[in-house]
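Structure, as structure tokens:
Nothing fancy with the numbering, it's 1 onward along the sequence.
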Amino acid sequence: MNRSYESAFALVRPAVGPMSEHLGAFVTSLIAKQYSVACVYIKTQQAVAFDRWLDKHRVARADLDEGLIARYQRRYSRGRRSRRMDTRRRELCVVAQLLHFLREQGVCKWPRPVAVPADDTATDFGRYLRDERGLT
């Protein structure tokens, strides 16, 4: 099959996983962002493969998160089939991009923000400044 935008949409049509109804919109968004034909096709292949994996493992769309992506990435870790590191890295980027797209569309929940030590330090410093100025 020649790589074209039409062939990318053809990859999406038979999809039946939990994201299948949103894959066409994902492809459309890639085209709108002016990705090359080859890039759109490859990203579509990887998105469809992830959707197929989700369906096989009976994962609901509401359960999609970064931990699930890590589990998906480990699917070949048992030595059955090795993949090149750059292929794994690209696949991780595509699946993360798809998850971000689904979150922007309101299909999946955004992760809860995690406070980092710098946030606590900034809050404490702000409290210190207010106390020093007698603003409390």
Side-chain angles (χ1 to χ4, degrees):
M1 177 180 278
N2 288 334
R3 291 181 180 176
S4 67
Y5 293 136
E6 292 78 21
S7 62
F9 282 111
L11 290 172
V12 169
R13 279 187 211 107
V16 293
M19 299 181 311
S20 61
E21 64 188 79
H22 303 284
L23 292 176
F26 178 65
V27 173
T28 300
S29 76
L30 295 174
I31 294 168
K33 292 176 184 172
Q34 299 183 346
Y35 281 97
S36 71
V37 172
C39 187
V40 169
Y41 186 83
I42 290 168
K43 285 177 180 275
T44 303
Q45 280 182 316
Q46 292 171 334
V48 169
F50 182 57
D51 185 55
R52 192 177 313 120
W53 182 85
L54 292 172
D55 186 50
K56 177 181 175 186
H57 289 85
R58 296 178 186 12
V59 176
R61 195 172 36 221
D63 297 332
L64 292 176
D65 63 9
E66 284 72 14
L68 193 62
I69 293 173
R71 200 172 125 206
Y72 174 69
Q73 283 268 285
R74 289 191 302 267
R75 70 191 184 281
Y76 294 124
S77 65
R78 292 186 182 87
R80 292 188 335 226
R81 192 168 143 194
S82 63
R83 295 176 302 147
R84 293 177 43 187
M85 189 56 109
D86 60 332
T87 302
R88 291 179 58 152
R89 203 173 14 253
R90 276 192 228 110
E91 178 185 72
L92 176 63
C93 289
V94 170
V95 174
Q97 182 181 15
L98 175 61
L99 182 56
H100 185 81
F101 170 79
L102 293 172
R103 285 174 171 158
E104 284 181 331
Q105 302 302 307
V107 175
C108 300
K109 291 184 269 183
W110 289 93
R112 286 185 166 176
V114 178
V116 293
D119 293 338
D120 295 336
T121 303
T123 302
D124 292 344
F125 185 66
R127 194 173 302 126
Y128 164 77
L129 289 176
R130 281 190 303 277
D131 290 347
E132 284 294 310
R133 293 183 182 154
L135 299 174
T136 56

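Contact of the Trp53 side chain with the Arg71 side chain is registered, since non-hydrogen atoms from C-beta on lie closer than 4.5 Å. Counting heavy atoms from C-beta outward, Leu30 and Gln97 have side chains that approach closer than 4.5 Å. The shortest side-chain heavy-atom distance between Leu68 and Leu54 falls under the 4.5 Å cut-off. Inter-residue side-chain proximity for Thr28 and Phe9 is flagged as met; some heavy-atom pair is nearer than 4.5 Å. Taking the side chain as every heavy atom from C-beta outward, Arg90 and Lys43 never approach each other to under 4.5 Å. By the 4.5 Å heavy-atom criterion applied to side chains, Leu23 and Val48 are counted as neighbours.
Closest of all the heavy-atom pairs between Ala60 and Pro18 is C-CB, 4.5 Å. What you find for Gln46 and Tyr72 is that their closest heavy atoms are O-OH, 4.2 Å. The nearest pair of heavy atoms linking Ile69 to Phe50 is CG1-CZ, 4.3 Å. Nearest heavy-atom pair, Met19 versus Ala47, reported as atom, atom and distance to 0.1 Å: CE-O, 4.1 Å. Here the shortest heavy-atom pairing between Tyr41 and Ser4 reads CD1-O, 4.3 Å. Across all their heavy atoms, Val12 and Ser20 have their closest contact at CG1-O, 4.4 Å.
A distance-only check finds no donor-acceptor pair linking the side chain of Ser7 to the backbone of Ala10 [under 3.5 Å]. Between the side chain of His100 and the main chain of Ala96, no donor-acceptor pair closer than 3.5 Å is present.
A salt bridge between Glu66 and Arg103 is present, with a side-chain N of the basic residue lying under 4.0 Å from a carboxylate O of the acidic one. Ion pair Arg52/Asp55 not flagged as a salt bridge, since none of the NZ, NE, NH1 or NH2 atoms sits closer than 4.0 Å to an Asp/Glu carboxylate oxygen.
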Side chain to side chain contact (heavy atoms under 4.5 Å, CB included) evaluation trace for His22 with Gln105
CA-CA 9 Å; His22 303 284; Gln105 302 302 307; 5.6 Å; no
Checking side chain to side chain contact (heavy atoms under 4.5 Å, CB included) for the pair Asp51/Val16: CA distance, chi angles, key distance, verdict?
CA-CA 8 Å; Asp51 185 55; Val16 293; over 6 Å; no
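The OG atom of Ser36 sits 9.0 Å away from atom CZ of Arg3, with the distance rounded to the nearest 0.5 Å. Interatomic distance, Tyr5 OH to Thr44 OG1, rounded to the nearest 0.5 Å: 10.5 Å.
Val94 and Ile31 are members of different hydrophobic clusters when ILVMFWY side chains are connected at heavy-atom separations under 4.5 Å. Hydrophobic clustering (ILVMFWY, side-chain heavy atoms < 4.5 Å, transitive): Phe26 and Val107 are in one cluster.
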